[in-house]
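To start, the structure itself, in structure tokens.
Since the model is a prediction, treat every value here as computed from it, not as a measurement. Note: hydrogens, waters and symmetry copies are ignored here, and every other heavy atom, side chains too, is used. We count ligands from 1, going down the list as the structure has it; atoms in each ligand are counted the same way.
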Amino acid sequence: MTQQLDTLLVTGSTLHDYEKKTGAVNIPIYASSTFDQSSFDSFGPFDYSRSGNPTRDALEKTIARLENGHRGFAFSSGIAAITATLLTLNAGDHLVITNEVYGGTYRFVTTLLPKYGISHSFADFTDLAAVEAAIQPNTVVLYAETPANPLLGITDIRGVVALAQKYHLKTFVDNTFMTPLYQQPLALGVDVVLHSATKFLGGHSEVIAGLAITKDEEMSKAIYAIQNGMGAILSPHDSFSVIQGIKTLRARLDFSSRNAQKIAEFLHAHEDVVDVYYPGLPCHIGYAIHQSQSTSAGAVLSFTLPTKQFTQLVVEHMTIPIFAVSLGGVESILSYPPTMSHAAIPLAERQARGITDGLLRLSVGLENVDDLIADLSQALAIAATTTANMNTTAQ
Ligand SMILES: *Cc1c(COP(=O)(O)O)cnc(C)c1O
């Protein structure tokens with residue numbers, strides 16, 4: 001019997017064989033670096049925990065089932081999953097990568113990949129013609145993030161896959177904002193799906209973790225070689241945390257996403273808000289494409305305010321969200337991409353990409369939505385009055 005995704009979130013990690021003896025409902029944390037071998041010439045399923053660990057294995061099998069992939073791999077961070085996947089490329093290879101990309105991915109691709117002889121071009125992935133124009137004879141991968149960070153730009157996954165097929169390339173997609181619950185890139189023909197499990201999958205701001213899920217055996221072999229050969233594995237304790245987070249994903253993410261939609265609509269109607277970026281608003285560029293490839297707009301939105309000063313006042317007067325990097329926690333998280341998640345991108349580049357001085361990103365948590373809207377409303381009112389008074393005094 002095939003199970004719906006909701007059910008798999010819960011059963012995905014309980015269908016393991018490890019704990020038949022005790023019937024423990026949760027996978028144990030196998031805090032063991034090494035494993036006693038049954039005899040001189042026959043070995044058990046595990047030998048050394050860098051190469052494989054039962055708790056990590058449960059998480060890897062769970063995420064592979066959820067993404068409907070060939071194999072899952074758990075890493076010590078999202079960036080470790082992303083770098084391991086990109087290091088499957090060889091010296092001389094080239095990749096085309098979205099210019100709206102997570103700051104840490106930008107840093108890796110621009111400062112470290114060149115040391116391995118792997119070159120890149122950035123392209124606007126909301127424009128398939130621009131992606132095609134950036135393909136070179138030595139291009140091997142198209143790398144997308146959708147919805148992207150921090151302006152929630154939408155990439156047409158089917159369109160990118162069609163381009164990749166035309167030029168015999170692979171496609172890697174960072175699916176952090178959607179999770180397998182809302183978007184299934186492998187089903188659309190993507191080769192590797194990537195997650196920062198630090199975010200919604202973990203869900204409680206307690207663990208840094210990353211996942212890579214492959215479509216076929218060839219990619220699985222290549223990524224396993226890097227995971228085992230470079231060693232950025234997820235610990236058994238952290239693997240356990242992510243498994244526990246995944247079980248409540250449906251309840252958390254649906255609740256947060258519904259509230260994000262209401263907050264986006266509130267901000268969109270607010271006179272002091274310049275722009276709102278949220279794929280659940282019909283005015284969002286790429287809205288129709290997002291609808292065609294995802295089942296929800298998710299829990300992250302961004303918006304721009306008139307000035308840096310205005311933005312600072314809003315941040316200082318909000319009382320409910322924490323002001324921090326990261327997203328996807330049970331607590332709402334407000335962040336300022338120019339100096340936080342996207343600080344690695346040089347100023348001129350940032351501005352060219354629309355990451356302006358008035359930009360805020362909000363990851364909606366599990367608080368009451370009316371409280372969040374009231375909090376935003378009072379902070380926006382204080383910012384409006386204060387900046388108006390400052391301008392009057394200055395004249
Ligand atoms: C946070 C994040 C990453 C990096 O993950 P870490 O777990 O912080 O290493 C990559 N991609 C996206 C979209 C992210 O939000």
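- The protein atom (non-hydrogen) at minimum distance from atom 8 (O) of ligand 1 is Y102 OH, 3.8 Å.
- None of Q261, H268, K262 except one satisfies the side chain to side chain donor-acceptor pair (under 3.5 Å) rule with E265; the exception is Q261.
- Of the protein's heavy atoms, S196 OG, 3.0 Å lies nearest to atom 5 (O) of ligand 1.
- Note: the hydrophobic cluster containing I263 does not contain I333 (ILVMFWY, side chain heavy atoms under 4.5 Å, direct or indirect links).
- Inclusion of E145 in the set of residues having an N or O under 3.5 Å from an N or O of ligand 1 is not warranted.
- If you number the atoms of ligand 1 from 1 as listed, the ones under 4.0 Å from a heavy atom of S77 come out as 7 (O), 9 (O).
- In this structure, E100 contributes its side chain and L152 its backbone to a donor-acceptor pair below 3.5 Å.
- For atom 11 (N) of ligand 1, the nearest protein heavy atom (residue, atom name, distance) is D174 OD2, 2.7 Å.
- If you take CG on L9 and CZ on R65, they are separated by 12.0 Å, rounding to the nearest 0.5 Å.
- For atom 7 (O) of ligand 1, the closest non-hydrogen atom of the protein is T198 OG1, 2.6 Å.
- Here T105 has no heavy atoms under 4.0 Å from ligand 1, in either its backbone or its side chain.
- Residue contacts with ligand 1, taken as heavy atom pairs separated by less than 4.0 Å, involve I79 via backbone and side-chain atoms alike.
- Defined by atom type and a distance below 3.5 Å, a donor-acceptor pair is missing between the side-chain atoms of Q244 and E206.
- Given atom 2 (C) of ligand 1, the protein heavy atom at minimum distance is K199 NZ, 2.5 Å.
- Of the candidates R258, R252, R250, R250 is the only one forming a salt bridge (Lys or Arg N to Asp or Glu O under 4.0 Å) with D254.
- In this structure, I82 has a heavy atom closer than 4.0 Å to ligand 1.
- Under the 4.5 Å side-chain criterion, counting only non-hydrogen atoms from C-beta, H342 is in contact with N149.
- At least one heavy atom of A209 sits less than 4.0 Å from an atom of ligand 1.
- Between the side chains of S196 and T176, no donor-acceptor pair of N or O atoms lies under 3.5 Å.
- Each of the atoms 5 (O), 6 (P), 7 (O), 9 (O) of ligand 1 lies under 4.0 Å from some heavy atom of G78.
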